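For reference, positions follow the sequence shown, starting with 1. This is a predicted model, so every value here is computed, not measured.
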Amino acid sequence: MGLGFAAMMTKTESTLGQATEGGDLSGGGGTLELLLGGTPAPGLVLGGGLIGHTFTEPDYEVDGTSTRLEDTELGLTYLALFGQLYFNPEGGAHVQALVAAAEESYRYPLAGTERESELSGIGVGLGAGYDLWIGDQWSLGPAARVSWATVKHDADGVVTRHKTTTFSLSLTATLH
């Protein structure tokens with residue numbers, strides 16, 4: 001389990017016919033994760049789980065002009081398969097790699113009504129952390145992860161693509 005802070009940077013692109021426009025979204029928010037796995041070998045954990053990020057009121061930059069998108073929320077969710085390797089099978093420092101199905105939801109006001117778009121695609125991530133034992137089977141510790149997602153949505157002839165990079169720093173609790 002993990003709970004923490006995250007930062008994101010997203011390259012956006014929308015295409016209608018031959019016309020393409022886009023910009024850069026950036027902002028901070030929170031992250032929450034629940035990963036479940038098993039140990040097929042000492043120090044190796046394989047499993048899956050959910051990782052969610054929420055970013056509110058991101059900044060949107062086009063041609064050097066930045067605007068805060070009020071009442072806007074961007075959510076990025078990973079349904080992930082992961083591998084985690086502990087350098088010492090008893091715990092402590094570890095590295096992690098994941099591959100995931102990614103979904104991005106984008107909620108925003110438009111002409112007085114609330115709109116929502118959903119984009120789907122794939123994601124990957126790399127992380128590292130350190131577990132400090134607090135009991136016979138429990139540990140707490142910091143973990144950092146950088147992840148990348150590329151997602152797309154095609155509706156009414158408009159193709160929207162987002163390429164998102166996130167960096168998260170979390171406090172994790174692990175049941176060994």
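- Taken to the nearest 0.5 Å, the CD atom of Gln84 stands 4.5 Å off from the NE2 atom of His94.
- At a threshold of 4.5 Å between non-hydrogen side-chain atoms, the residues Val146 and Thr165 count as touching.
- Smallest separation of non-hydrogen atoms from Ala6 and Thr31: CB-CB, 4.3 Å.
- Here the closest non-hydrogen pair linking Met8 and Leu74 is CE-CD2, 4.3 Å.
- When all heavy atoms are compared, the tightest approach of Thr172 to Ala143 is CG2-CB, 3.7 Å.
- Atom CD in Glu13 sits 5.5 Å away from atom OG1 in Thr20 (nearest 0.5 Å).
- The backbone N or O of Phe5 lies less than 3.5 Å from no partner atom in the side chain of Ser168, so there is not a single donor-acceptor pair.
- If you chain together hydrophobic residues whose side chains sit under 4.5 Å apart, Ile51 and Phe82 fall into the same group.
- For the atom pair Arg107 CZ and Thr72 OG1, the distance stands at 7.5 Å (nearest 0.5 Å).
- One N or O on the side chain of Arg68 and one on the backbone of Glu57 form a donor-acceptor pair closer than 3.5 Å.
- When the side chains of ILVMFWY residues are joined at heavy-atom separations under 4.5 Å, either directly or via intervening members, Leu76 and Leu35 end up in a single hydrophobic cluster.
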Please tabulate, for the side chains in residues 38-50, all donor-acceptor contacts under 3.5 angstrom to protein atoms that are two or more places apart in sequence or on a different chain.
none

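- Under the 4.5 Å side-chain heavy-atom criterion for grouping Ile, Leu, Val, Met, Phe, Trp and Tyr, Phe55 is connected to Tyr106 within one hydrophobic cluster.
- The OG atom of Ser26 lies 11.5 Å from the OH atom of Tyr60; values are rounded to the nearest 0.5 Å.
- Summarising the geometry of Ala102 relative to Gly123, their closest heavy-atom pair is CB-N, 4.1 Å, with the distance given to 0.1 Å.
- Contact detail for Leu126 and Ala97: the closest heavy-atom pair is CD2-CB, 4.0 Å.
- Remark: the backbone N or O of Gly23 is paired with a side-chain donor or acceptor of Thr12 at under 3.5 angstrom.
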Problem - Audit row: Ser147, Leu98, side-chain contact (heavy atoms from CB on, under 4.5 Å) steps and yes/no - result: CA-CA 9 Å; Ser147 57; Leu98 63 88; 5.5 Å; no
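- Side-chain contact check for Arg161 versus Thr150: every heavy-atom pair is 4.5 Å or farther apart.
- No donor-acceptor pair under 3.5 Å is formed between the side chain of His153 and the backbone N or O of Thr160.
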Practice task
Check step by step if side-chain contact (heavy atoms from CB on, under 4.5 Å) holds for Val159 and Lys152.
Solution key: CA-CA 7 Å; Val159 178; Lys152 167 179 141 171; 4.2 Å; yes
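- Other residues, nucleotides and ligands contribute over 12 non-hydrogen atoms within 6.0 Å of the CD1 atom of Ile134.
- When hydrophobic clusters are built by joining Ile, Leu, Val, Met, Phe, Trp and Tyr residues whose side-chain heavy atoms come closer than 4.5 Å, directly or via intermediates, Tyr130 is not grouped with Val95.
- The aromatic rings of Tyr78 and His53 stand perpendicular to each other, their planes meeting at an angle above 60°, with 30° marking the opposite boundary.
- To the nearest 0.5 Å, atom CG of residue Asp59 and atom CG of residue Leu69 are 7.5 Å apart.
- There is no path of hydrophobic side-chain contacts, each under 4.5 Å, that joins Leu81 to Leu34.
- Using a 30° and 60° split on the angle between ring planes, Trp133 and His176 fall in the tilted class, from 30° to 60°.
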Problem - Working for side-chain contact (heavy atoms from CB on, under 4.5 Å), residues Leu16 and Val158 - result: CA-CA 5 Å; Leu16 176 59; Val158 177; 4.0 Å; yes
